[in-house]
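Just dropping this structure here.
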Amino acid sequence: MESIIDQLAQQRTWEEFLTYRLMKGRFSWHEFDEADTYVTQEQYLDVVLRLQHGEGLSVPTRHLVNKMGSGRKRVVYSFPPDETTVLKAMAFLLYRYDALLAPGCYSFRRGLTAHDAIHSLQQAIGDRPMWAYKLDIHNYFNSISIPLLLPILSRVMADDPRLYAFFERLLTDGRAVSEGATISEERGIMAGTPTSPFLANIYLSEVDHYFAQAGIVYARYSDDIILFAPDRETLDRHIAQLADFLKEYRLEANPEKVRIYQPGEPFDFLGFKCLGHSIDISDAARRKMKDKIRRKAHALLRWRSKNGIDAEKAMKGMIRHFNAKFFEGGDPAMLTWARWFFPMINQTEGLREIDCYMQRYLRFLSTGKHGKANYRIHYAQLRQLGYRTLVNEFYKSSQSLQKNSFSSMLPD
């Protein structure tokens, strides 16, 4: 089989890669034109030739970024733009190993999404009363043990020793640039780099296969794992087995995100709250969004006070900011709430909660206080400033989907 390293030198590979990204909505047309020029002029060749000659990439840069807008920091890594582009194309080609992954693994797979995970769990559970256990692996990508990963990767890439040699060099280097200085550290698989999702899937593939072969209702999306059992005793056995796996792979669960659900209690997974056929937005997703709304409102109030800005301008700024997050971000690949939640949920309690909270803080921007006087600003005024409710937009989206579904059933 031809090495992926050599495939990266072929213009046909790059044309397929760009077409795939365009069809998946990862490009605006302007970005696609730039990428097309990059491919037409074969600007990728300098990096690929280095890989073909057995050379490595540059030393990655270490960044601290906010985690999901929570104020907490996480470590991510990046390579120069030309090398990052080549790694993205490599990640595209790595899908040839997708068939080696277990059916319970849903992260970063072609043809599978987080939505598929929710649907599969609902179908597997049915109407049965089930116990559930959910955990989040602490700092998963950067905690992966390279000495344990490499033998797994060697078996997976037995058909492509040159590709394995590239990853061995990449993962054992250990250097990173931090604040202008080169340091040495345990980087794991370097969160933020294009090939890290593939490596994260491979690392725990034994765990995924174990639960799949045992017939246990189970799903993993990167560092999020959930499994089910008909009774507490069986669940405890599954929990013990999972704990043994994590210990073997030198990983730790985040104690703040470990949860046991009793039968009849809705479970949370990937931002969704599920019970039977009912799907809503999870409590955790609601809390995170409310935190973002509150922080943004207070930041805008400080900006308004410092610069003498009128209330209407501050309110418009907040509305534009959250309209982008909820409905139509400028990045075509951005996971807005309309793209993530609307196609899945069939309950609107969570949307209504966020709508009320958003309106409360829009009015707060006018006075700097919370109180009855704020309600002198009527809902119609908020609408005139560009405000759109999640509930209304959800119902519009649902009607559009139903209309399109009906139209597709009509004869030509």
Discussion item. I'd like to know whether the aromatic ring centres of Y38 and W14 sit less than 6.0 Å apart in this structure.
Written reply: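 Distance test on ring centres: under 6.0 Å, yes.
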Discussion item. Regarding R220 and D224, does a basic nitrogen lie under 4.0 Å from an acidic carboxylate oxygen?
Written reply: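 So R220 does not pair with D224 through a salt bridge.
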Worksheet item: Would you say H209 has more than 12 foreign heavy atoms packed within less than 6.0 Å of its NE2?
Response: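 Buried by this count: over 12 neighbours within 6.0 Å.
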Worksheet item: Just by distance, do the side chain of Q7 and the backbone of T13 share a donor-acceptor pair under 3.5 Å?
Response: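 Between the backbone of T13 and the side chain of Q7 there is no qualifying donor-acceptor contact (under 3.5 Å).
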Discussion item. Any salt bridge linking R96 with D159? Criterion: basic side-chain nitrogen under 4.0 Å from a carboxylate oxygen.
Written reply: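 Yes, this pair counts.
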Discussion item. More than 12 heavy atoms of other residues, nucleotides or ligands under 6.0 Å from CD of E2: yes or no?
Written reply: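 Yes, enclosed.
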Item to complete: Inspect the surroundings of CZ in R376 and state if more than 12 heavy atoms from other residues, nucleotides or ligands are less than 6.0 Å away.
Response: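 No, because the 6.0 Å sphere around CZ of R376 holds 12 heavy atoms or fewer from other groups.
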Fill in: Greater than 12 external heavy atoms within 6.0 Å of K316's NZ
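Check fails, neighbour count at 12 or below.
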Discussion item. For E248, is the CD atom crowded, meaning more than 12 foreign heavy atoms sit under 6.0 Å from it?
Written reply: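 Buried by this count: over 12 neighbours within 6.0 Å.
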Item to complete: Tell me whether the centres of the aromatic rings in Y106 and Y221 are closer together than 6.0 Å.
Response: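 That pair fails the under 6.0 Å test.
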Worksheet item: Under 6.0 Å between ring centres, would you say that holds for F228 and Y218?
Response: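 No; Y218 has its ring centre 6.0 Å or more from that of F228.
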Worksheet item: If you round to the nearest 0.5 Å, how far is CE of M344 from OG1 of T113?
Response: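 CE of M344 is found 7.5 Å from OG1 of T113.
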Discussion item. Applying side chain to side chain contact (heavy atoms under 4.5 Å, CB included) to E353 and K290, what does each step give before you reach the verdict?
Written reply: CA-CA 9 Å; E353 183 177 326; K290 287 160 78 171; 2.9 Å; yes
Worksheet entry | Check: Y164 ring centroid to F167 ring centroid under 6.0 Å |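 Centroid distance Y164-F167: not below 6.0 Å, so no.
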Fill in: Spatial distance of atom OG (S78) from atom CZ (R62) [nearest 0.5 Å]
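S78 OG to R62 CZ: 12.0 Å, rounded to 0.5 Å.
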Practice prompt. Establish, yes or no, whether the cationic atom of R294 lies under 6.0 Å from the six-membered ring centre of Y357 and within 45° of the ring axis.
Written response: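 No, R294 and Y357 do not form such a contact.
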Worksheet item: For atom CG of D127, is the number of surrounding heavy atoms from other residues, nucleotides or ligands below 6.0 Å larger than 12?
Response: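 Counting other residues, nucleotides and ligands, CG of D127 stays at 12 neighbours or fewer.
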Worksheet item: Taking atom NZ of K134 and atom CD1 of I225, what is their separation to the nearest 0.5 Å?
Response: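 One gets 11.0 Å once the value is rounded to the nearest 0.5 Å.
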Practice prompt. Check whether NZ of the Lys or CZ of the Arg R388 lies under 6.0 Å from the centre of the six-membered ring of F327 and within 45 degrees of that ring's axis.
Written response: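 Yes, cation above the ring, under 6.0 Å and within 45°.
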Worksheet entry | Aromatic centroids of F108 and F198 separated by under 6.0 Å |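 No, too far apart.
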